[in-house]
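Input: a single structure, listed below in structure tokens.
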Amino acid sequence: MRIGVFVCHCGSNIAGTVDCAKVAEIAKNFPDVVYADDPMYTCAEPGQAAIEAAIHEHKLDGVVVASCSPRMHEATFRRTVERAGLNRYMFEMANIREHVSWIGKEQQANTNKSAELVEIAVAKLRNNRPLAAKTFDVTKKTLIVGGGVAGIQAALDCAEGGIPVILVERESTIGGKMAKLDKTFPTVDCSACILGPKMVDVAQHPGITLYACAEIEEVSGYVGNFSVKIRKRATYIDWEKCTGCGACSEKCPSKKTPDVFNEFTGTTTAINIPFPQAIPKKAVINAQYCRQFTKGKCGVCAKVCPAGAIDYAMQDSFVTEEVGCIIAATGYELMDWTIYQEYGGGRYPDVITSLQYERLLSASGPTGGHIVRPSDGREPQTIVFIQCVGSRDNSIGRPYCSGFCCMYTAKQAILTKDHLPQSRSYVFYMDIRTPGKMYDEFSRRAVEEYGVEYIRGRVSAVYPDGLGRYVVMGADTLLGEPVEIRADMVVLAVGIEAAKNAPALAEKLRISYDKYGFFMESHVKLKPVETNTAGVFLAGVCQGAKDIPASVAQGSAAAAKALALFARDKLENDPQTAQVDARRCVGCGKCIRCCPFGAITETEIRNEKKAQVIETVCQGCGLCTSTCPQGAVQLSHATDNQILAEVNALCR
Amino acid sequence: MNYAYYPGCSAKGSSADYEKSTQAVCAVLGMNLVEIPGWNCCGSTPAHAVDTELSAALCSRNLDIAAQQGVEKLLTPCPSCLSNLRHTAKRMENPQFRARVDELLDNPAAPDFPGVTSVMQGMAAHCDANGIASFIRKDLGQLTLAPYYGCLMSRPADIMDFGDPENPTLMECLLAACGAKVLDFPLKTACCGASYGIPERTMTARLSARILRLATDMKADAIVAACPLCQMNLDLRQPQAAKEADAIFAMPVLYFTQIMGLAFGLSPDTLGLEKLRVSASALLDKLEPAPSISKTPVEGGQSCE
């Protein structure tokens, strides 16, 4: 075998603490190494050309690049060797940047360690075999989890691109958080007016199948061929028959049902349609409050329904969809701010969340768009907005910024002045973070045109003064003195957190999530839409805090990824899969039971039970190889012999 | 049942009424408080503000005495003593710190100190709400009370272990068990000005006035305190607070033990009510004989803990 070694300087990233020329020199003494060099930037165009030239000139049949993490450039260099006529698996990478130069300062030690890592890579490469990918068919259909604005955008873009879409929404209507907003920044246009038409498009598009009141139960398969089991929760209404006329909720006697859509600012009926523009516009029964369920008798809705759609005996049902890719767009929730006992911990009726305030501002909200105090229905004269309640607060383990609160607080303060011209608004802030297009101009308007008083500092306590108002105690850190404001109402810009069952969904989708429950993108900068599971993409706040324009953009980006995937009729698998040596296999079936992907089946060879790997399903995790008592299962490109060669090289 | 007891120096002087009522109420509950012998002042604010090791030496001596007596749990009525004793126990877990403190003591301190807890938590652990209710002889139903813990009882949360630092609720539970109407008093853990009553009198007056103002506006009959210094600032210095706030206050400030004693039918004299600067006589007029006295605890009594 003839091996070439390239020790990358990565500018000064590696060469700063590693003697790359010396590593290349040492490498020349390793077995089968016939050529070694230390280029400045191996990944750059000249660097790659040099590898190709060396392959031809020195008749190399294997290449080692010692540079950055394989997660950065393995795919790049595999393509390079392939262009020069080698099999892409006749390439190995030694990570001497993240694993060496970035973490140690001592040049001697770093140089030694780099040489050892190169030696390991050479030893592995000497045992490599060319591998070939297999092709398989693709189901050209996208499943989108979550019907907020990001999911809606992704669904419409996919459908417009000719790809059928399955849209799964947990609530009884799509629209997500945006549907609850009154106006949107920085243009102060009506949220329902700009989102509503998109929601209608979803309902009317022949390419989109919508499952509302539905959740993901199980996911199996792999990129191009996922099988998704969907649980359709019992709504107790036959939606085929329901016309959305609303007669049922008019007559429903259970009128004290908490109104989830209105963020609990009011009550609703046990059977209801959350808001006039709901899609689908279908009624749902809240069984916890419905008298038919709690008391065993009522049946009013069944009597008044002109379509005969009420079905108290309805059970959850399941449907399975075959799709080629999945877009997660599950959004966010507000964190439980009631841990802040200094703001009353939820005990004071006029201390409300910003989302509740949106519902008070909204014409379709519980007050018809009039700002009044929940406690006594009076118009507030002084309103205090407190920012960063549950954001950027290490004391409660939430160091992250929720991103959009500065802007919506400015918007709410502006709208407050429009609704109540005599009112005064105060905003307690830490920093004003308004880096979007027309954003800073907008927040300046709140201060300069609307006279909103911004106070830089935190609020230490909010408490009722015993006379019907609230005392807001805080600090003005610019003046360096305490401030005290008598307020009629306090609005908390509550920080966001990942949707409650986001981690459970992530595990079903086999994607990673961070310690706050937000889904992990494949690369923070360069792959913000992809995940580490092929064929699963992200859109919206489920990946991290972002506002409506960014969510819409990411929804479109995810759709573009889906369309690009489906531009090909067949996909290639990764040949780094498990292989069963039928001569050694005793048919015990342990590998079948341990495989998390269902990629191993039982087969019969000459009347003997044997394990067989479905290569297109196998993800190459290696569980079966370490489970097999016979050593009959080997993972291609990480075989026992290859790993032992690496260990031997290091321990020699 | 015997309980090892560290009264703290205020009990022997400025808060003799707290001490008197604590003893009387604990006697009714069947808690016999046994002072540890030869105890000394915990150092209070001056010691720990000037020298942490000196403060720890003073406290370690007391904890050592309790340890020598084989005490498992030491009760103290004063939040400041509790705070100093608990901080010391925590700091003495550090061997270097312990070595420096040991140098200040006649003999090295015992390796393990007993746990220290407040009398209030001790009562809640001793008997549940129904147990307390069984001792009631007077009806407090006409009294509206503002529970006030002061800033120290629940902070810092990890040292004091007294529920939510912003919203402790143990006193409410005890007062409700005694039959009183208890306000959700928002300033229950606000600072009264503490020892700044001497160097910065107007600041203490301003902070105390805030508490007195809210209790007045919430129509409380009394503020119920659990700390000798808080009680002194709110009661003895009430005229100073009134002057600072340009208001007139007439707000009795009683210890929670005094309220419990009243519910148990103990005489004002036994509870040291004559020591209060703002008279509690308006309160006493609102007490009525308890309509029915249940001697035996009801099944499934709720714990205040």
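By convention in this document, chain letters (A, B, ...) are assigned in the order of the sequence lines, proteins followed by strands, and residues within each chain are numbered from 1.
For B/L187, the part sitting under 4.5 Å from any heavy atom of chain A is the side chain, from C-beta outward, and nothing else. Only the side chain of A/Y348 comes within contact range of chain B, with at least one heavy atom under 4.5 Å from a heavy atom of that chain.
By the 6.0 Å contact criterion, CD1 on B/I198 is open, its count of non-hydrogen atoms from other residues, nucleotides or ligands being 12 or less. Under a cut-off of 6.0 angstrom, the local environment of CZ in A/R424 is sparse, with at most 12 non-hydrogen atoms contributed by other residues, nucleotides or ligands. Within 6.0 Å of OH on A/Y516 lie more than 12 heavy atoms contributed by other residues, nucleotides or ligands. Around NZ of A/K255, the count of heavy atoms belonging to other residues, nucleotides or ligands within 6.0 Å exceeds 12. Within 6.0 Å of atom CG in B/D246, 12 or fewer heavy atoms from other residues, nucleotides or ligands are found, so the atom counts as exposed in its surroundings.
Interatomic distance, CE of B/M218 versus OH of A/Y463, reported as 10.5 Å (0.5 Å rounding). Within the model, atoms CZ of B/R210 and CG of A/D465 stand 11.5 Å from one another, a figure rounded to the nearest 0.5 Å. Rounding to the nearest 0.5 Å places CD of A/Q341 at 9.0 Å from OG1 of B/T169.
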